[in-house]
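Heads up: the structure comes next, in structure tokens.
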There are 2 protein chains.
Amino acid sequence: MGKKGKLDVTKERLLNEAEALFAQKGYDAVTVREITAAAGCNIASINYHFGNKQNLYMEVFRSRWQPRVRRIHESFINSLTSQNSSSPAAIVQALAYAFLEGPLSDEERQRHFQLIVKEIAKPTTAFDLMVTEVMRPIFKELAVMLSSAMPDGIGQEDLMLNIMSIFAMVLHFNFARAAITRITGREYDSAFKARLVDHIIKFSLEGLGASNKGGGL
Amino acid sequence: MGKKGKLDVTKERLLNEAEALFAQKGYDAVTVREITAAAGCNIASINYHFGNKQNLYMEVFRSRWQPRVRRIHESFINSLTSQNSSSPAAIVQALAYAFLEGPLSDEERQRHFQLIVKEIAKPTTAFDLMVTEVMRPIFKELAVMLSSAMPDGIGQEDLMLNIMSIFAMVLHFNFARAAITRITGREYDSAFKARLVDHIIKFSLEGLGASNKGGGL
DNA sequence: GTCTATAGCAGGATAGAC
DNA sequence: GTCTATCCTGCTATAGAC
């Protein structure tokens with residue numbers, strides 16, 4: 001809206017820096033002074049361009065976060081149609097890949113999930129947008145995809161819990177990086193990330209895969 | 001330390017209210033004014049009893065959070081020895097039960113996990129305590145317990161990833177309550193909680209359990 | 001559209017009476 | 001040990017010059 005010229009670069013820089021800082025430290029912990037300093041412009045600019053800090057935060061979700069979800073979703077659909085299978089294995093594989101490797105740079109992905117986790121932990125107005133525009137539709141879609149391939153008697157709710165569990169792992173392995181690094185002692189590099197994708201696929205399809213072995217004490 | 005008399009009730013009340021508020025809203029969002037008002041005492045009392053707000057936060061972890069971890073762990077060990085099995089099924093069952101039903105009241109559990117999640121999302125000095133005193137030892141213990149019952153060739157790291165995935169679900173189903181309620185439309189009552197325990201056990205042991213079915217598109 | 005300067009307020013921490 | 005009153009800092013938001 002309005003004229004899009006050279007004049008909007010400040011606005012764009014503000015959105016970029018704001019997103020990085022909000023993702024990193026959370027809404028309350030970030031000050032407008034910090035954001036404007038990072039963007040190399042003046043304190044008043046946030047008020048001029050967005051009205052106030054709250055609106056800037058929402059605009060980060062609309063102009064940065066939401067388009068990124070669409071890119072992830074497209075990547076998921078593409079990688080699924082390029083395989084010629086709608087087996088659970090194929091679906092989980094495409095899903096884990098889209099979310100953990102997919103179209104996002106590592107930095108983008110980290111931001112993306114930090115924003116999600118912070119909204120889940122302490123919902124604000126952006127939470128509504130997250131649930132109605134993203135989670136609910138994607139979970140519904142996955143339920144439809146999976147239901148035909150699941151054991152026959154499975155209910156909608158069981159299906160939904162399965163989907164949420166996969167999502168839980170994807171989310172966890174993205175947001176608990178610090179803890180995971182501290183516990184495993186491994187760097188969060190691309191080799192480890194590839195390993196995580198494999199693990200999520202394997203665990204989602206067969207869990208511990210030891211149900212037939214374990215013995216009595 | 002020091003004299004334990006009627007005089008420490010204020011201190012205890014401060015710790016209780018501080019924990020509830022920190023868990024709910026996070027460290028930054030809570031003000032000492034809020035805490036002292038909830039505890040029904042004066043603003044200066046936090047400074048008097050704990051020195052400053054930071055120390056109060058750490059003391060919440062030491063005097064409330066850490067003992068609660070011990071109770072959960074004891075409950076886990078007890079329920080495991082009362083079954084006469086160290087099969088993965090028994091271990092996962094005892095684990096899911098200890099964390100989702102176990103010795104904690106629903107309110108306590110919610111607080112407990114909110115504190116964990118907030119530390120994982122934005123580590124402070126309490127994060128060290130969490131990793132070294134709790135996560136690392138429990139994960140190690142679980143790795144030892146499980147390794148004998150797992151498929152023979154499994155490496156330490158695979159084992160650790162499996163354990164972290166179970167932990168991821170337990171954590172997720174505790175902290176994402178708002179999102180889960182919004183998506184499933186179900187109240188987070190004890191019936192639903194029991195269902196979640198069953199689900200976590202089932203999913204941990206066999207994943208989607210559909211690896212043999214799904215067909216080509 | 002961008003800046004400086006400042007109003008107006010809320011935060012943590014402290015001094016000192018009781 | 002608890003209180004009131006207050007200091008000082010740092011925040012958002014705004015007014016007004018350029």
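Letters A, B, ... are given to chains in the order of the sequence lines, protein chains preceding strands, and every chain is numbered from 1. Fair warning: this is a prediction, and the values are worked out from it, not measured in the lab.
You'll find that the side chain of Tyr48(B) is closest to dT2(D), out of dG1(C), dT2(D), dC3(D). When the nucleotides dG12(C), dT2(D), dA13(D) are ranked by their closest atom to the side chain of Ile43(A), dA13(D) comes out on top. Comparing atom distances between the Arg33(B) side chain and each of dT14(D), dT6(D), dG1(D) picks out dT6(D) as nearest. Of the candidates dG12(C), dT2(D), dA13(D), the closest approach to any side-chain atom of Val32(B) belongs to dG12(C). Counting only heavy atoms from C-beta on, His49(B) has its side chain closest to dT2(D) among dT14(C), dT2(D), dT2(C). Distance from the side chain of Lys53(B) is smallest for dA13(C) among the nucleotides dA13(C), dG1(C), dA13(D). With dA13(C), dT4(C), dT2(D) as the candidates, the nucleotide lying closest to the side chain of Asn42(A) is dT4(C). Of the candidates dA13(D), dC3(D), dA13(C), the closest approach to any side-chain atom of Ala44(B) belongs to dC3(D).
Between Ile35(B) atom CD1 and dG12(C) atom P there is a gap of 8 Å when expressed in whole angstrom units. Regarding Glu34(A), its CD atom lies at a distance of 12 Å from the C1' atom of dC11(D), rounded to whole Å. Between the CD1 atom of Ile46(B) and the P atom of dT4(D) there is a distance of 15 Å, rounded to whole Å. Nucleotide dA13(C) holds its P atom 14 Å from the CG atom of Leu14(B), rounded to whole Å. One can place CG of Leu56(A) at 10 Å from P of dA13(D), the figure rounded to the nearest angstrom. To the nearest angstrom, P of dA13(C) lies 13 Å from CZ of Phe50(B).
Classification of the His172(B)-Phe167(A) ring pair by plane angle, with boundaries at 30° and 60°, yields perpendicular.
Judged by distance alone, the side chain of Glu119(B) and the main-chain N or O of Thr124(B) form a donor-acceptor pair under 3.5 Å.
The side chain of Asn52(B) contributes no N or O atom lying less than 4.0 Å from OP1 or OP2 of dG12(C). Contact annotation: Ser45(A) does not reach the phosphate of dG1(C) (side-chain N/O to OP1 or OP2, under 4.0 Å).
A donor atom on one side chain and an acceptor atom on the other are found under 3.5 Å apart for Glu141(B) and His73(B).
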Let's go through Phe50(A) and Tyr57(A) carefully: what are the C-alpha distance in whole Å and the side-chain angles of both, what is the deciding distance for ring-ring contact (aromatic ring centres under 6.0 Å, His included) to 0.1 Å, and is it a yes or a no? CA-CA 9 Å; Phe50(A) 304 96; Tyr57(A) 182 72; over 10 Å; no
Step by step, work out the ring-ring contact (aromatic ring centres under 6.0 Å, His included) result for Tyr27(B) and Phe22(B). CA-CA 5 Å; Tyr27(B) 181 81; Phe22(B) 284 143; 5.5 Å; yes
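Contacts of Thr31(A) with the nucleic acid, taken as non-hydrogen atoms under 4.0 Å apart, involve only primed sugar atoms and P, OP1 or OP2.
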